[in-house]
Structures are given as structure tokens and as C-alpha cells.
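Notes to accompany the following structure.
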Amino acid sequence: MAQMHMANAFDPESAPEVPARTAELLTRREAVLSASYRLFYREPVEVVRAEGAWLYDSAGRPHLDMYNNVPAIGHSHPAVTEAVTRQLGRLNTHTRYLTEGILDYSEALLETFPAALDQVTYACSGSEAVDLAVRMARFATGREGIIISAHAYHGTTALAASLSPSLGVNNSVAEAVATVDMRPGMDVETLAAKVRSAAVDLEARGHGVAAVIFDSIFSSDGVLPDPVGGLAAAADVARAFGGCVIADEVQPGFGRTGTMWGFSRHGVEPDLVVLGKPMGNGMPISAVVSRREISDAFGASVRYFNTFGGSPVCIAAAQGVLDVITASLLPRHAEQLGQVLADGLAVRAGHTALLQDVRAAGLFVGVDTPGADTAAAIVNGLRERRVLISASGPGADVLKIRPPLVFDEAEAEVFFAALDDTLEDLEPS
Ligand SMILES: Cc1ncc(COP(=O)(O)O)c(C=O)c1O
């Protein structure tokens, strides 16, 4: 588990005494679920229902969800529940029939993108969409090499996992890959120089550059909203080597970082954009948005049919999500509430050595701690107080705070009270 960088994960070896109900579920889980699964927290939480930013356990106790970027518009949102229920009772097929909902949604979705990004292909998971975007880039360029960040996570298919060094040393990274080591505080020129070295390396090894793919918030690299403009500089370098630019918006997309798309913070227009997680508020839908020439070339030569990708029910969910994000101005709300969180955390970081650098873009917040043990202690301390966050980064020492976009000021107060109590416990004054 150490190389999985999940220091805050449940570990049966060092687990505390857990309630009988939890113990029973753990035993049943261990009996049937494969060994790949990990549970959050020293004492796992059983959840039975959810609403807004709150998860409720089997005893009806509320837990403040500050980690879940999937239910962006809030857990169990009626806009999604009703749209899905209505559609499920009427028709659920696939993209080989004519249906109008997918056209309405695609038109509305593409409106939120720069004009040149005017094509969309649907899949079910972020991993599938990453996989497809990389295939398209390789097809368009006739090259194999991919530039990724050194602690990237891009998903679970064989291809996406081979672009995911954060899965640890036992997960093999593709041969035609070069990595860029991301560091907090890095400037644009340094990032561009690192991307150039990666491109030169790929050319020297005979792969050439097919694409650079970056998560525009660098979540698994430790939450790095800066340097703003870094992705534009990286894109210039990749294009100078003939490569495509892929923005992985699975984490930052749909308003989380204060703008609809994380790449816009960097002033870059990608060639391909990968969407996922919040797109369906929990329904399995993802997409690749592309420049027409790239997906045309691929599509004319290679068929792509994804049985469940873009099904009417998932499209209905996605439409509900997009409508709420747009009508409620959630990107702006994310920016405002993100500032509340960042300010409150920065004040506390001034008073305790347990919290260090605070980095935020909208409701995507990372806080450095002195090490993985501290981060795990804070995460588990908050969990005991029924506030749920997690940790990430190469050293698992960065608190990762990422509530649903509907998170409000009263909930921020609940978080700060639990955090103050946790910090006081760990470092009594
Ligand atoms: C940046 C990024 N890309 C891709 C994925 C893969 O998405 P999925 O789990 O939906 O396959 C993830 C999932 O965490 C992710 O964080």
C-alpha cells in the first residue's frame, strides 16, 4: 500500500477497533471484492444516502463531503434524479439510432468551448476518454510519444494506466513516455524547458511527440494551480515538435477551478479535451471534445462504438448537470467559496506548523503538510469529526479538499471548526 501513496487509506493491519456493523461489512467485502480495492480512512465510513454536500451513515449521522468532485451540483440532485428517471422509463439505447437529446446536449456542451473545439465523442469513464484522446493524437500525428507529468494519474485502461506513474512502481509506464517533474512554485519558463527536454528525449528515442497530456490542476502531482500560463507554454513546445495538446479535464472541468474549463485559466486552446467525473453527477458519462480535423481523420479510418457511451439516460443526466451549472453560475460560486476556504486555511497555516503552503483554484484546494503521517493524521482526525477530505501528491503529504460545487459558507464554518479541533488535538497549544 505504501507505493500506492494512500497513507490515509484503511489498513487492516493497523486498524482501530471498529463497530460491529463495520467489522461485518469489512469481512464480507474482503470475501468477495478483489484485492485492488482501497477504502478511505483508518475507520471506514458506511454511507447509505446523501444530499447536497452531506453523506449520511447507517446511523443517520451527517458527514460533510469535502472530497467528492463527482456530485458537482450536490448529491441526489433532483435535476438529475428526475431527468434520469423520466428517460429510463421511456428509452435507453445507444448512439446507433437517431435520438435528439444527444444533439441538444452536444450543442449546449460545445457552446462552452472555444469555437475550434467543435466535435464530441462519448464514452463512460474518464479512462476510456483518455484512451481515445491519446489514440486520436497518435493517429493524427503518426507518432507514439506522450509527455505526461511525473506523478500523473490518467486512469485504468491499459493505455491510461501506462500514462499513470502515480499508480506506483508496480504499474508499468509506457516506453514511449517522457515525464515532466512538477513542483510547487515552478515558473512558466522552467515548465516549458522541462517539456522541451521531454520532447527532445522522445525524439532521441525514436518515438517523436504525439501529444502532451496534462491534468490542468495537476491533482495527483500535489494540486498545482500555478504557474498560470504554464499549459500554454507547454502547448507551444509540444506543437513545435508536431504534437497535439490534450487537456485532461476529468478533475478540474465543469466549473470547479472557477472557470468552466481548467485550461482556460492557462490561456491555452487544446486540440483534445477529456471530460469525465462531474459530467453526469454520478452517472457514467465521459467525452472527448476535439478539433474537427483530428477526430475526422481518426473517425474516417477507425470505427468507435461504445455501447453505453452517450446513452440517452446518461445524456439526460449530463443535460441536467450542465443546466444547473449554467443557471446557478456555479463556476463563479466555486471561485468565491474557494477563496473562503483558501483564506481560512492560510490564516491557520500562519499559526501552526502542521499546515504549510495553501494552493487553490476555485473549489480545488491543496495544503502542504510536513509529511504523509501528518496529512493522514489530519485526514483521519477530520473523519472522526465527520468531515471528509483526503491527501494526495507524490509524498501523500498534501491535503486535498474538493467539495461539491454547491458547498456553502455555513459548511465552510463546519469544516473550519472540525479542522481547528483536529489541529488542537494533534498539537495542543
Ligand atoms: C485526471 C484524471 N484523468 C482520468 C481519470 C480516470 O477517470 P475514471 O476513473 O472515470 O476512469 C481520473 C480519475 O480519477 C483523473 O483524476
Side-chain angles (χ1 to χ4, degrees), residues 4-6 9 36-38 40 67-72 121-137 146-168 171 173-174 177 179-180 182 211-225 231 234 245-254 256-257 261-263 265-266 270 272-289 306 308-311 314 317-318 321 361-366 389-394 396 398 400-402:
M4 290 291 297
H5 297 294
M6 286 191 65
S36 301
Y37 288 102
R38 303 289 183 274
F40 281 152
Y67 188 66
N68 212 331
N69 63 344
V70 172
T121 315
Y122 293 98
C124 303
S125 66
S127 306
E128 285 181 346
V130 163
D131 192 299
L132 177 63
V134 170
R135 286 174 65 200
M136 284 182 177
I146 309 289
I147 299 170
I148 59 174
S149 63
H151 206 68
Y153 180 71
H154 291 294
T156 54
T157 67
L159 176 48
S162 78
L163 304 174
S164 300
S166 68
L167 285 173
N171 167 66
V173 169
V177 159
T179 61
V180 172
M182 295 297 302
V212 58
I213 178 167
F214 284 149
D215 160 9
S216 52
I217 190 73
F218 294 98
S219 169
S220 53
D221 291 277
V223 186
L224 306 172
L231 290 196
V245 177
I246 307 175
D248 182 339
E249 292 282 335
V250 168
Q251 293 270 353
F254 290 95
R256 173 152 300 276
T257 62
W261 307 114
F263 62 76
R265 287 182 58 250
H266 288 271
L272 296 144
V273 184
V274 176
L275 314 181
K277 289 193 192 281
M279 189 170 183
N281 216 54
M283 292 297 286
I285 180 163
S286 67
V288 176
V289 171
N306 186 318
F308 303 120
S311 71
C314 288
V321 172
L363 279 174
F364 213 127
V365 185
I389 68 163
S390 191
S392 85
V398 182
K400 184 162 140 189
I401 304 168
R402 207 184 41 174

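Atoms within a ligand are numbered from 1 in the order they appear, just like the ligands themselves. Please read all numbers here as calculations on a predicted model, not as lab measurements. Values reported hereafter were calculated over all heavy atoms of this structure, with side chains retained and with hydrogens, waters and symmetry mates removed.
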* Judged by modelled atom types alone, do Ser216 and Glu249 share a side-chain donor-acceptor pair under 3.5 Å? -> yes

* Is any N or O atom of Glu128, backbone or side chain, closer than 3.5 Å to an N or O atom of ligand 1? -> no

* To do: May I ask you to check whether Thr156 has an N/O atom sitting below 3.5 Å from an N/O atom of ligand 1?
  => no

* Asked: Would you call Phe214 and Val245 a side-chain contact if the rule is heavy atoms closer than 4.5 Å?
  -> no

* To do: Show your working on side chain to side chain contact (heavy atoms under 4.5 Å, CB included) between Leu163 and Val177 and close with a plain yes or no.
  => CA-CA 7 Å; Leu163 304 174; Val177 159; 3.5 Å; yes

* Residue pair Val223 / Arg402, side-chain heavy-atom distance below 4.5 Å -> no

* Which of the ligand 1 atoms, numbered from 1, are nearer than 4.0 Å to a heavy atom of Asp248 -> 1 (C), 2 (C), 3 (N), 4 (C)

* Got the closest protein heavy atom to atom 16 (O) of ligand 1, with its distance? -> Gln251 NE2, 2.7 Å

* To do: Indicate yes or no: does an N/O atom of Ser127 lie under 3.5 Å from an N/O atom of ligand 1?
  => yes

* Nearest non-hydrogen protein atom, atom 4 (C) of ligand 1 -> His154 O, 3.3 Å

* To do: Give yes if a backbone or side-chain nitrogen or oxygen of Gly155 is under 3.5 Å from a nitrogen or oxygen of ligand 1, and no if not.
  => no

* Structure fact -> Ranked by distance from atom 10 (O) of ligand 1, the top protein heavy atom is Gly126 N, 2.9 Å

* Test Arg256 against Lys277 for side chain to side chain contact (heavy atoms under 4.5 Å, CB included), laying out the working first. => CA-CA 11 Å; Arg256 173 152 300 276; Lys277 289 193 192 281; over 6 Å; no

* Asked: Under 4.5 Å between any side-chain heavy atoms of Ser390 and Phe40, yes or no?
  -> yes

